[in-house]
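Structure record follows, encoded as structure tokens.
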2 protein chains.
Amino acid sequence: MGIGNDAVEIRAQGWRRLAALHGLIEAVLEKELQGAHRLSVVEYTVLDALSRQDGWHMRMRQLARAAALSSSATTRLVTRLEERGLLTRVLCADDRRGIYTELTPAGRQLLDKARPTHDRALETSLTQAEQLPELESLVAALHLT
Amino acid sequence: MGIGNDAVEIRAQGWRRLAALHGLIEAVLEKELQGAHRLSVVEYTVLDALSRQDGWHMRMRQLARAAALSSSATTRLVTRLEERGLLTRVLCADDRRGIYTELTPAGRQLLDKARPTHDRALETSLTQAEQLPELESLVAALHLT
DNA sequence: ATCAACTCGTTGCACATGCAACTAGTGCAC
DNA sequence: GTGCACTAGTTGCATGTGCAACGAGTTGAT
């Protein structure tokens with residue numbers, strides 16, 4: 001019951017709020033993206049990360065980090081998107097272990113259609129979260145950072 | 001390309017950071033709790049939520065909300081914990097559809113052992129996140145709320 | 001040149017999750 | 001009381017995920 005107990009409890013509460021907000025947003029995004037474009041949140045995240053490379057490509061490992069996924073999950077995720085023709089695997093010459101992934105035109109096109117859905121859903125989920133007393137301050141903090 | 005575009009991009013970036021921080025913390029907690037007590041993060045969350053009711057019980061639905069889980073997942077999670085003797089299902093008299101769950105002494109005991117692990121892991125993951133430039137401000141904001 | 005230690009990506013497997021369909025129970029209209 | 005819409009919790013099923021083991025390629029020491 002030392003003096004550090006307050007800090008511990010504050011951290012725990014912060015984590016619970018963070019998790020709650022994350023869950024809320026993700027649920028809304030998932031529903032909207034899935035319903036409108038048959039994309040999961042992770043799939044959208046990957047396409048978005050790729051597009052942010054502006055015509056460039058990313059290695060599987062980078063993609064895994066960007067999506068907070070294990071490498072095995074990334075393998076199958078990329079396979080899934082490749083089978084839908086949204087991206088392609090490109091063998092890299094200078095490191096023959098490495099595999100680059102690139103958006104196809106179809107992938108970029110789907111992303112362009114999905115982005116408004118994503119952005120709108122994000123906004124509604126945030127306003128929704130703002131109504132909840134325990135999440136209000138965290139949402140506000142998110143705007144500022 | 002209206003004036004609202006900035007706000008959209010800020011929200012998107014905030015969401016990416018939130019997701020990144022969430023993923024980081026959850027990964028650390030998962031590893032530590034699993035390694036030391038064979039508890040997943042969700043399982044810990046449920047036990048913790050129950051304990052916070054201070055001797056009382058919670059309905060499945062409340063538990064589902066607290067853990068940000070579907071009701072089916074909650075059913076199986078409770079079954080899992082019940083089989084390990086950490087909590088019990090209690091039929092409720094006044095609403096015979098409802099089922100309460102309570103911590104057993106063993107459950108409370110395990111939670112007491114796991115809490116220090118959890119709190120320590122949470123602290124280390126936060127200091128870890130503070131080192132990353134893009135997460136630093138969010139972590140700081142978390143302390144304040 | 002060779003070997004060991006490492007990284008990168010893939011696969012087998014076990015498992016937790018969500019959705020939809022179901023049963024059981026409640027509450028309200030009439 | 002009868003019927004109807006609703007809620008609570010459980011189950012079958014499909015699917016996405018992590019871990020561990022693996023093959024292929026790289027790097028550096030000797």
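When the C1' atom of dG9(D) is taken as reference, atom OH of Y100(B) falls 14 Å away, rounded to whole Å. dT10(C) atom C1' lies 15 Å from atom CZ of R80(A), rounded to whole Å. Between the CG atom of L63(A) and the C1' atom of dC8(C) there is a distance of 14 Å, given to the nearest Å. Remark: C1' of dT27(D) and CG of D95(A) are 11 Å apart, rounded to the nearest angstrom. Atom CG in L69(B) sits roughly 14 Å away from atom P in dG9(D) (whole-Å rounding). Residue H57(B) contributes atom NE2, which lies 16 Å from atom P of dA8(D) at whole-angstrom precision. For the pair R38(B) CZ and dG18(D) P, the computed distance is 19 Å after rounding to whole Å. In this structure, D94(B) places its CG atom 13 Å from C1' of dA8(D), rounding to the nearest Å.
Qualifying ring pair (Phe, Tyr, Trp, His ring centres under 6.0 Å) partners for H37(A), counting only residues two or more places apart in sequence or in other chains: none. Every residue meeting the side chain to side chain contact (heavy atoms under 4.5 Å, CB included) condition with A73(A), not counting sequence neighbours, appears here in chain and number order: L69(A), S70(A). E30(A) meets the side chain to side chain contact (heavy atoms under 4.5 Å, CB included) test with Q34(A), S40(A), V41(A); sequence neighbours excluded. Under the side chain to side chain contact (heavy atoms under 4.5 Å, CB included) criterion, E82(B) pairs with L87(B), R89(B), not counting sequence neighbours. For E26(B), the salt bridge (Lys or Arg N to Asp or Glu O under 4.0 Å) test picks out no residue, with sequence neighbours left out. Taking the side chain to side chain donor-acceptor pair (under 3.5 Å) definition, one finds that Q128(B) meets it with nothing, sequence neighbours left out. When the salt bridge (Lys or Arg N to Asp or Glu O under 4.0 Å) test is applied to E136(A), no partner is found at least two apart in sequence or on another chain. A129(A) pairs by the side chain to side chain contact (heavy atoms under 4.5 Å, CB included) definition with L21(A), L24(A), L135(A), V139(A), not counting sequence neighbours.
Regarding contacts with the backbone of dC8(C), every side-chain N or O of R65(A) stays at 4.0 angstrom or more from both OP1 and OP2.
The shortest distance between side-chain heavy atoms of L81(A) and T101(A) does not fall below 4.5 Å. In this structure, M60(B) and R97(B) have side chains that are not in contact, with every pair of non-hydrogen atoms separated by 4.5 Å or more.
Other residues, nucleotides and ligands contribute only 12 or fewer heavy atoms inside 6.0 Å of the CD atom of Q109(A).
With distances taken from any side-chain atom of R59(A) to the nucleotides dG16(D), dT17(C), dG9(C), the minimum falls on dG9(C).
Pairs passing the salt bridge (charged side-chain N to carboxylate O under 4.0 Å, His left out) check and including a residue from residues 31-51 of chain B, sequence neighbours excluded, read R16(A)-D48(B), E43(B)-R80(B), D48(B)-R52(B), D48(B)-R115(B).
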Pairs under 3.5 angstrom, nitrogen or oxygen only, protein versus nucleotides 10-14 of chain D, please.
residue : atom : partner : partner atom : Å
dT10(D) : OP1  : R89(B)  : NE           : 2.8
dT10(D) : OP1  : R89(B)  : NH2          : 3.0
dT10(D) : OP2  : T75(B)  : OG1          : 2.7
dG12(D) : O6   : R76(B)  : NH2          : 2.6

Under 3.5 Å, which protein N or O atoms sit close to an N or O of nucleotides 2-7 of chain D? Give each pair with its distance.
residue : atom : partner : partner atom : Å
dT7(D)  : O2   : R97(B)  : NH1          : 2.9

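Heavy-atom distances to DNA chain D give each of A93(A) and L77(A) a nearest nucleotide, and the one nearer the 5′ end belongs to L77(A). Two residues, R96(A) and E43(A), neighbour DNA chain D, and the one matched to the more 5' nucleotide by heavy-atom proximity is E43(A).
DNA chain D lies under 4.0 Å from no heavy atom of any residue of residues 18-37 of chain B.
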